[in-house]
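Everything below concerns the one structure shown next.
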Amino acid sequence: MSKAVILDCDPGHDDAIAIMLALASDSLDVRLITVSAGNSSIEKTTLNAMKVVSFLGKEVEVAAGAIKPLRREVQPDIETHGESGLDGPELPAPSFLLSSRTALEAQAAVLRESEEKVTIIPTGPLTNVALLLSAHPELTDKIERIVLMGGACFGGNWLPDAEFNIMIDPEAADIVFRSGVPITMCGLDVTLKAQIFPDEFEIFRKMTNKTGPLVAELLDFFHKSTTPPFMAEEGHEEGAHMHDICAVAWAIAPELFVTKNLNVQIETEGRLTLGCTVVDYNNVFGLSPNADVCFDIDRKGFLQLLIDNISTLL
Ligand code: RIB
Ligand code: CA
């Protein structure tokens with residue numbers, strides 16, 4: 001029985017590969033793809049999502065979400081994803097029209113009409129999910145779980161102690177983590193371990209379909225843009241960090257991950273720590289856990305899952 005899911009993403013190179021994995025997997029039934037503003041403007045992330053779905057020859061509704069975070073401004077990550085939000089490979093124009101429904105309208109309709117509960121997999125800022133929870137509290141019990149890429153128990157990437165997806169819209173993340181909906185948090189603690197190394201890019205480049213080589217091209221660009229020069233100089237070359245793919249992989253094969261059930265609160269006012277996911281690892285506050293936080297991954301099994309699924313695509 002495949003799991004009904006809604007993806008909410010901000011493509012973004014890793015989002016694009018996450019979409020591919022989700023659409024390839026027999027374990028998931030992707031009912032809807034909604035788009036957030038994060039890695040780039042909503043116009044660019046929406047176009048990128050449509051291009052990826054078209055490239056795969058799949059028919060899934062793509063609906064555009066909020067044009068900006070709840071209270072703050074979009075901060076496109078041009079350094080990582082380029083001006084288009086998906087620089088590197090050239091993808092053909094989409095072959096279908098954007099949904100006439102907003103992300104909020106489409107998400108609510110999918111939840112309302114689904115016979116079974118739906119898993120939401122956000123891989124960008126949580127603006128659209130927060131709006132859904134705020135506008136339709138009556139639909140909360142139709143959400144099976146929110147499996148998100150975001151945050152970190154230790155460290156950060158946009159600030160020393162804050163990860164991009166959370167920090168771009170901390171107020172949205174606060175709504176999500178206070179919602180009571182079961183959460184799996186794929187933060188940097190696990191996604192920085194979910195690396196694919198340049199020699200492994202070649203596995204995808206050598207695939208005889210057209211999607212494998214596209215994945216390799218996406219990894220080429222994404223890896224170059226996320227490996228600090230000092231790391232490459234020192235010969236300590238990190239692989240490409242498969243941030244968003246972790247969230248989809250958890251939804252397919254949670255057994256690949258090690259998690260801890262912990263309490264997580266969001267810093268929405270910090271001068272230096274805005275957007276920090278304050279993960280109470282030692283239960284100092286004594287508050288009840290509200291998230292399954294991922295800390296480790298079977299990297300080889302993760303890579304094999306991606307290979308097995310990407311190879312089934314066009
Ligand atoms: O911090 C990594 C996250 O920020 C990923 O979702 C990436 O796509 C960017 O959105
Ligand atoms: Ca993303």
Side-chain angles (χ1 to χ4, degrees), residues 1-12 14-15 17-36 38 65 103 107 110-111 114 116-130 132-133 139-153 163-166 169 172-173 175-191 193-194 241-262 264 266 277 279 289-298 301-302 305-306 309:
M1 181 73 175
S2 59
K3 187 184 290 184
V5 303
I6 293 172
L7 305 184
D8 184 67
C9 54
D10 64 331
D14 51 338
D15 302 78
I17 299 171
I19 291 170
M20 293 173 187
L21 176 58
L23 293 180
S25 173
D26 292 336
S27 307
L28 303 182
D29 172 12
V30 181
R31 301 282 178 86
L32 169 67
I33 296 176
T34 53
V35 190
S36 58
Q107 286 170 335
V110 167
L111 291 179
S114 177
E116 69 269 45
K117 289 191 172 190
V118 180
T119 296
I120 300 179
I121 308 178
T123 58
L126 292 166
T127 315
N128 295 333
V129 181
L132 171 66
L133 294 169
L139 294 174
T140 302
D141 65 3
K142 289 298 291 290
I143 304 173
E144 174 70 29
R145 177 171 284 265
I146 296 170
V147 185
L148 63 92
M149 191 279 139
C153 183
E163 177 278 329
F164 179 85
N165 287 340
I166 306 298
D169 198 341
I175 290 169
V176 170
F177 278 84
R178 289 175 186 272
S179 68
V181 174
I183 291 172
T184 295
M185 177 179 132
C186 298
L188 297 176
D189 314 283
V190 73
T191 68
K193 294 177 182 175
H241 302 125
M242 296 289 95
H243 301 295
D244 295 335
I245 298 93
C246 282
V248 173
W250 189 94
I252 297 168
E255 67 278 6
L256 293 176
F257 294 79
V258 175
T259 62
K260 289 182 184 301
N261 192 231
L262 298 168
V264 181
I266 310 299
T277 45
V279 181
N290 59 344
D292 292 310
V293 182
C294 296
F295 285 92
D296 209 346
I297 189 168
D298 166 4
F302 169 79
L305 177 76
L306 191 58
N309 278 280

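Note that the coordinates shown come from a computational prediction; the quantities given were computed from them, not determined experimentally.
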How close do [X] and [Y] get, heavy atom to heavy atom, and via which atoms?
X	Y	value
F257	A249	CE1-C, 3.8 Å
L133	S179	CD1-CB, 3.8 Å
C186	A247	SG-CA, 3.8 Å
V176	A130	CG2-N, 4.1 Å
N290	V264	OD1-N, 2.7 Å
K142	E116	CE-O, 4.1 Å

### Query
Given W250, which of L256, L148, T119, T259 fulfils the side chain to side chain contact (heavy atoms under 4.5 Å, CB included) condition?
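Option passing the side chain to side chain contact (heavy atoms under 4.5 Å, CB included) with W250: T259.
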### Query
Which one of T184, V30, V248 satisfies the side chain to side chain contact (heavy atoms under 4.5 Å, CB included) criterion with I121?
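In the set T184, V30, V248, the residue that makes a side chain to side chain contact (heavy atoms under 4.5 Å, CB included) with I121 is V248.
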### Query
So L28 and L21, side chain to side chain contact (heavy atoms under 4.5 Å, CB included) or not? Walk me through it.
CA-CA 9 Å; L28 303 182; L21 176 58; over 6 Å; no
A side-chain contact here means heavy atoms from C-beta on lying under 4.5 Å apart; do [X] and [Y] qualify?
X	Y	result
D14	M149	no
V118	L32	no
V279	M185	yes
L111	L132	yes
T123	I19	no
F295	L262	yes

### Neighbour count >12 (heavy atoms, 6.0 Å) for atom CG, D26
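At most 12 heavy atoms, drawn from other residues, nucleotides or ligands, come within 6.0 Å of this atom.
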For residues 1-11, which side-chain donor-acceptor pairs fall under 3.5 Å, sequence neighbours excluded?
from: K3; atom 1: NZ; to: A251; atom 2: O; distance (Å): 2.7
from: D8; atom 1: OD1; to: T34; atom 2: OG1; distance (Å): 2.6
from: D8; atom 1: OD1; to: N128; atom 2: ND2; distance (Å): 2.8
from: D10; atom 1: OD1; to: N39; atom 2: ND2; distance (Å): 3.3
from: D10; atom 1: OD2; to: N39; atom 2: N; distance (Å): 2.8
from: D10; atom 1: OD2; to: N39; atom 2: ND2; distance (Å): 3.1

### V147 and I120: CA distance, side-chain angles, deciding distance, side chain to side chain contact (heavy atoms under 4.5 Å, CB included) verdict
CA-CA 6 Å; V147 185; I120 300 179; over 6 Å; no
### Query
Given H243 and D15, is the side chain to side chain contact (heavy atoms under 4.5 Å, CB included) satisfied, shown in steps?
CA-CA 8 Å; H243 301 295; D15 302 78; over 6 Å; no
Spacing of [X] atom [atom1] and [Y] atom [atom2] [to the nearest 0.5 Å]:
X	Y	atom1	atom2	value
I146	T140	CD1	OG1	8.5 Å
I143	I183	CD1	CD1	10.0 Å
I266	R178	CD1	CZ	9.0 Å
I166	T277	CD1	OG1	6.5 Å
D141	E144	CG	CD	11.5 Å

### Query
Counting distance only, does the side-chain N/O of S25 pair as donor-acceptor with the main-chain N or O of S27 below 3.5 Å?
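Pair found, side chain donor or acceptor close to backbone of S27.
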